[in-house]
2 protein chains.
Amino acid sequence: MTTTTPRLSIGEVSERTGLTTHTLRFYEQEQLLVDPVERDSAGRRLFTEQDVEWLRVCTKLRSSGMPLPDIRRYVELFREGPQTVQARFDLLRAHQERVRAQVAELQSALDVIDHKVDFYARRMAAGTAETLWRNGPECDESANG
Amino acid sequence: MTTTTPRLSIGEVSERTGLTTHTLRFYEQEQLLVDPVERDSAGRRLFTEQDVEWLRVCTKLRSSGMPLPDIRRYVELFREGPQTVQARFDLLRAHQERVRAQVAELQSALDVIDHKVDFYARRMAAGTAETLWRNGPECDESANG
DNA sequence: GCTTGACTTCGAGTCGGCTCGAACTCCTAA
DNA sequence: TTAGGAGTTCGAGCCGACTCGAAGTCAAGC
């Protein structure tokens, strides 16, 4: 039972991950992949399914704002073996906290926005229901629309 | 009863809003303020409390990723008067949706991160409890740390 | 009269993360 | 044998939102 691991071209990886081929080359150059990418006889990149899996995780880290240097560091630690488990944990924990903070920040902004949207919705409803508006022409909340 | 509206220096506004004086000047130049900022005899900016209030809203819009051109547009509409209420509403609604999407995206990234953090936590707990690890030296999830 | 400190203008620089384009090499299929 | 298409390298360019620095003005206090 000889299982040959299939390899993927950069185009295939691009399709599977949603990253452009440009970005994939860039990521490789930035050392964001766990191990060096193989090449075929013509020098073309041969990716593995594991690369794809990792790139998917990578995408999550990126979309949650982890900087490339941190991702590189994480990958580096991974390569160094099991003795870096604590360090990897710490790195992820720190990021986890940042993302939570970011969600909280967005939520707080969203509260303000929701409130304003609501205000305008009411105002428009009132404006169409009874065209007469008794508080004068510009009655925005706190005078800022 | 003559109520003189007090004016604030750029430094005071900076303190109250958390924006640097550099940024405040930049925002003025980018037309993000509702009305033109007054100046004293020496050419120094005189802000109003309303400016501060608006800047606080502005900060929320920014922290939730609204681009400066959109904010400028919003302010512009506001200046144009009540007939732009629908347009302002639309603008805010669109942003609201973007922010919600962004929160969802972060949340989905957070799920992955939480899962990984959890994985490492367990692994470390196991590693310290019984130093022997029966599945070999590198048993990361799906082989990617 | 001199320093201090907050202000002014202007234009240039920074940063991260792509994004693009030029010029080239291969392989395949008609 | 020639055209197409997917790949390669390299370096430059872009974007938004600041951020900084130089050089100058002004008013108050010592």
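In what follows, every chain begins at residue 1, and chains take the letters A, B, ... in the order their sequences are listed. All values below come from the heavy atoms of this structure, side chains included, with hydrogens, waters and symmetry mates left out.
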**Q** Roughly how many Å is it from CZ in A:R39 to C1' in D:dG7, rounded to a whole number?
**A**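 These atoms are roughly 10 Å apart.
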**Q** Distances under 3.5 Å only, N/O to N/O: pair up the protein atoms with those of nucleotides 14-21 of chain C.
**A**
| from | atom 1 | to | atom 2 | distance (Å) |
| --- | --- | --- | --- | --- |
| C:dG17 | OP1 | A:R62 | NH1 | 3.4 |
| C:dG17 | OP2 | A:L68 | N | 3.4 |
| C:dC18 | OP2 | A:Y27 | OH | 2.7 |
| C:dC18 | OP2 | A:R62 | NE | 3.0 |

**Q** Just checking, any donor-acceptor pair under 3.5 angstrom between side chains of A:D111 and A:S108?
**A**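 No - no donor-acceptor pair under 3.5 Å links their side chains.
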**Q** Take the protein atom CD of B:E12 and the nucleotide atom P of C:dG5, then report the distance between them rounded to whole Å.
**A** 18 Å
**Q** Show the numbers, then the answer: is there a side chain to side chain contact (heavy atoms under 4.5 Å, CB included) between A:S14 and A:L24?
**A** CA-CA 7 Å; A:S14 171; A:L24 287 169; 4.0 Å; yes
**Q** What's the closest nucleotide to the side chain of A:A42 if the choices are D:dT9, C:dC27, C:dT8?
**A** C:dC27
**Q** Got a salt bridge between A:E76 and A:R79, using NZ or NE/NH1/NH2 to carboxylate O under 4.0 Å?
**A**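 So A:E76 does not pair with A:R79 through a salt bridge.
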**Q** May I have the distance from B:Q29 (atom CD) to C:dC10 (atom P), rounded to whole angstrom?
**A**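 Taking atom P of C:dC10 as the reference, CD of B:Q29 is at 8 Å.
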**Q** Would you say B:T21 places a side-chain N or O within less than 4.0 Å of OP1 or OP2 belonging to C:dC7?
**A**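 Answer is no, no contact under 4.0 Å.
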**Q** In whole angstroms, how far is the P atom of D:dC26 from the CD1 atom of B:I10?
**A**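 Checked: the CD1 to P distance equals 17 Å.
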**Q** Figure out the CG/P separation between B:L32 and D:dG16, and round it to whole Å.
**A** 14 Å
**Q** Looking at B:R45 and B:D51, is any side-chain nitrogen of the basic one under 4.0 Å from a carboxylate oxygen of the acidic one?
**A** no
**Q** To the nearest angstrom, how far is A:E15 atom CD from D:dA6 atom C1'?
**A** 12 Å
**Q** Can you name the side-chain contact (heavy atoms from CB on, under 4.5 Å) partners of A:R62, sequence neighbours left out?
**A** A:Y27, A:L68, A:I71
**Q** With a 4.0 Å cut-off, would you call A:E30 and A:R73 a salt bridge?
**A** no
**Q** When you check the gap from the basic side-chain N to the acidic O, do A:R56 and A:E53 get nearer than 4.0 Å?
**A**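 Salt bridge absent between A:R56 and A:E53.
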**Q** Is the phosphate of C:dC26 approached by A:R44 (side-chain N or O, under 4.0 Å from OP1 or OP2)?
**A** no
**Q** Using whole Å, what does the distance between atom C1' of nucleotide C:dT9 and atom CZ of B:R25 come to?
**A** 9 Å
**Q** Assign A:R45 to base, sugar-phosphate, or nothing according to its heavy-atom contacts below 4.0 angstrom with the strands shown.
**A**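 Touches sugar-phosphate only.
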**Q** Check the distance between D:dT19's C1' and B:E30's CD and give it to me in whole angstrom.
**A** 14 Å
